[in-house]
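Keep in mind the model is a prediction, meaning the values are calculated, not measured.
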Amino acid sequence: MKVCVIGGGAAGMMCATMIARKGHQVTLFEKNEKLGKKIYITGKGRCNVTNAVVGNEFLQNVVSGKKFVMGAITRFNSSDTMSFFEDVGIPLKIERGNRVFPVSDKSNDIIKGLEKTMQWAGVEVCLNSAVDEIKVNGGLASGVVVNGKTFEFDRVVVATGGISYASTGSTGDGYEFAKAVGHSIIEPVPALCAIRLKTDECKKVEGLSLKNVTLTSKVGDKVVYKSDIGEMLFTAHGISGPIVLSTSSYINRLDFKELKLFIDFKPALSFDALQVRLDRDIAELKAKQVSTLLEGLLPKSLVPLFAKRLDVLLTSKANQLDREKRKKLAMLLKNYEFIPESLEDFNQAVVTAGGINLKEINPKYMKSKLVPNLYFIGEVLDIDALTGGFNLQLAFSTAVTCASDF
Ligand SMILES: Cc1cc2nc3c(=O)[nH]c(=O)nc-3n(C[C@H](O)[C@H](O)[C@H](O)COP(=O)(O)OP(=O)(O)OC[C@H]3O[C@@H](n4cnc5c(N)ncnc54)[C@H](O)[C@@H]3O)c2cc1C
């Protein structure tokens, strides 16, 4: 069979290799001058290539499309990804949180590995080749148009990614291809991104990073998402860092008018235990200043913000804080409230949530239910996961699942 793969990212390269290994004639079109531009910037240049968990533990980290990807992540799991790269001579290591990286800490090695396997399998790679259109004839994909020229194929695989970090080549072309043949698109929204806040407090603590805190998002009294205990940081306009990125993936479809965010600075203590601790601290500090009390509880730069919200002078005496103020302080430490303004835009979002409607794709082979010889794999689909190597694994799992139909 003559097979066309559109997109030379993680999903496209893996899929092209696997189909070519079965003896088919595969051509991969990549619009950039080189392959894997997005892989190059993954994991801060180190490429967190997968996460060494499988099954349900893996699924817990999938935000959209859990049920849809279940078969794919079983067919080709993180152990398979690790064997794939180790077999081509790229040793891997497992770090904190089961995150897997190349021993070299170089994302380029992962790109080279994928390039090498494509070469060995005989894939024809065409760079600087943006596909403009998928030709459909009699209800079947018959070829693609590249630079005004039509190339004929028996089957077409779309692996064009989402629309985040567009400079890497992911500009949403796959959505247009899908729409042109009748597919519907779940509106793409940024995921794994920073959150802008409606406050000038951030500017005052810009650059401050917090460890061992949680972030909870709520609509009214209803908790939308409570992060694990982790790290976050303040930026000029809002908040970022691991627990903020995870939160963004769960709030990206909500009406921000009704949403509130709460930082818990003392997640290891219950509200009551914290009040006991405050009473004890205050008893020890006696007539020392409130600033000393707060500095014992918080990073120094946050102290003036707390004093303002508490409505007390930093120079006032700790033991003059009455029951009401002590309770308010405990509330602020457990539930420091922010009103979010918006998510950062796609250019700063690690992944795109939304994409090709999964109802129209057969998960057994990632095959279109509308055009039977057309496939969609990777981030172009309405799937997304948390950080930790899960998104690349989804690209690989959907790619190999697609190849199993050849
Ligand atoms: C800064 C950053 C860091 C990340 N870090 C990690 C990480 O450490 N671990 C992890 O698991 N995930 C990470 N991700 C997410 C991960 O990179 C993506 O989910 C994954 O690369 C998606 O793979 P893909 O092949 O579906 O799409 P892409 O990697 O986006 O590849 C799509 C390819 O298709 C090409 N293309 C698009 N349109 C056309 C067209 N019309 N014709 C020809 N070619 C076309 C593009 O140029 C591109 O090369 C990160 C993302 C970013 C932005």
Would you mind checking if [Y] and [X] are paired as a salt bridge, meaning a charged N to carboxylate O distance below 4.0 Å?
X: Lys31; Y: Asp173; value: yes
X: Glu176; Y: Lys179; value: yes
X: Lys328; Y: Asp311; value: no

message = Assess the residue pair Lys149 and Asp132 against the criterion (salt bridge (charged side-chain N to carboxylate O under 4.0 Å, His left out)); give the C-alpha distance rounded to whole Å, side-chain angles, the decisive distance to 0.1 Å, and a yes or no.
response = CA-CA 10 Å; Lys149 207 171 151 206; Asp132 298 319; over 6 Å; no
inquiry  = Could you check whether Lys218 makes a cation-pi contact with Phe262, meaning its NZ or CZ is under 6.0 Å from the centre of the six-membered ring and within 45° of the ring axis?
reply    =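 Lys218 over Phe262 ring: yes.
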inquiry  = Using a 6.0 Å distance limit plus a 45 degree cone around the ring axis, check whether Arg309 lies over the aromatic ring of Phe338.
reply    =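 So Arg309 does make the cation-pi contact.
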Crowding at [atom1], [X] (>12 non-hydrogen neighbours, <6.0 Å):
X: Lys22; atom1: NZ; value: yes
X: Glu152; atom1: CD; value: no
X: Lys325; atom1: NZ; value: yes
X: Lys369; atom1: NZ; value: yes

inquiry  = For Glu33, give me all partners under salt bridge (Lys or Arg N to Asp or Glu O under 4.0 Å), at least two apart in sequence or on another chain.
reply    =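 Salt bridge (Lys or Arg N to Asp or Glu O under 4.0 Å) check on Glu33 returns Lys37.
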query = Using 30° and 60° as the class limits, which term best fits the ring planes of Phe29 and Phe151: parallel, tilted or perpendicular?
reply =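 Tilted: the ring planes of Phe29 and Phe151 meet at 30° to 60°.
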ask   = Relative to each other, are the rings of His183 and Phe376 parallel, tilted or perpendicular (30° and 60° limits)?
value =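 Perpendicular: the ring planes of His183 and Phe376 meet at over 60°.
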Using only atom types and a distance under 3.5 Å, with no angle test, would you say the side chain of [X] pairs donor to acceptor with the backbone of [Y]?
X: Gln393; Y: Phe76; answer: yes
X: Glu379; Y: Val351; answer: no
X: Asp154; Y: Met1; answer: no
X: Ser248; Y: Cys193; answer: yes
X: Asn61; Y: Glu57; answer: yes

Rounded distance [0.5 Å steps], [atom1] in [X] versus [atom2] in [Y]:
X: Leu358; Y: Lys66; atom1: CG; atom2: NZ; answer: 13.5 Å
X: Asn335; Y: Leu261; atom1: CG; atom2: CG; answer: 11.5 Å
X: Ile110; Y: Asn48; atom1: CD1; atom2: CG; answer: 10.0 Å

message = If you apply the rule side chain to side chain contact (heavy atoms under 4.5 Å, CB included), what do you find for Val371 with Ile134, and how did you get there?
response = CA-CA 11 Å; Val371 181; Ile134 297 175; over 6 Å; no
query = Is Val131 close to Phe177 at the side-chain level, that is, under 4.5 Å between some pair of heavy atoms?
reply =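 Phe177 reaches Val131 side chain to side chain.
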task = Begin from the C-alpha positions of Thr398 and Ile383 and carry the test side chain to side chain contact (heavy atoms under 4.5 Å, CB included) through to its verdict.
result = CA-CA 10 Å; Thr398 53; Ile383 56 175; 4.1 Å; yes
inquiry  = Quick one, Phe58 with Phe390, criterion ring pair (Phe, Tyr, Trp, His ring centres under 6.0 Å). Give me CA distance, side-chain angles, the key distance, then yes/no.
reply    = CA-CA 8 Å; Phe58 187 99; Phe390 302 101; 5.1 Å; yes
ask   = With a 3.5 Å cut-off and no angle check, do the side chains of Lys38 and Ser170 form a donor-acceptor pair?
value =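 A pair is found: one side chain offers a donor N or O, the other an acceptor, under 3.5 Å apart.
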key: Donor-acceptor pair between Ser64 and Asp384 side chains, under 3.5 angstrom   =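 The criterion, which ignores hydrogens and geometry beyond distance, is satisfied for Asp384 and Ser64.
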request  = Show your working on side-chain hydrogen bond (donor to acceptor under 3.5 Å, both in side chains) between Glu231 and Ser209 and close with a plain yes or no.
outcome  = CA-CA 7 Å; Glu231 292 175 32; Ser209 84; 5.7 Å; no
task = Work out which heavy atom in Val189 is nearest to a heavy atom in Phe346; give both atom names and the distance.
result =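 Distance-wise, the nearest heavy atoms are C-CE2, 3.3 Å.
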key: Residue pairs fulfilling side chain to side chain donor-acceptor pair (under 3.5 Å) with at least one residue in residues 101-123, sequence neighbours excluded   =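 Residue pairs passing side chain to side chain donor-acceptor pair (under 3.5 Å), neighbours aside: Thr17-Thr117, Arg46-Asp105, Lys93-Asp105, Ser104-Asp109.
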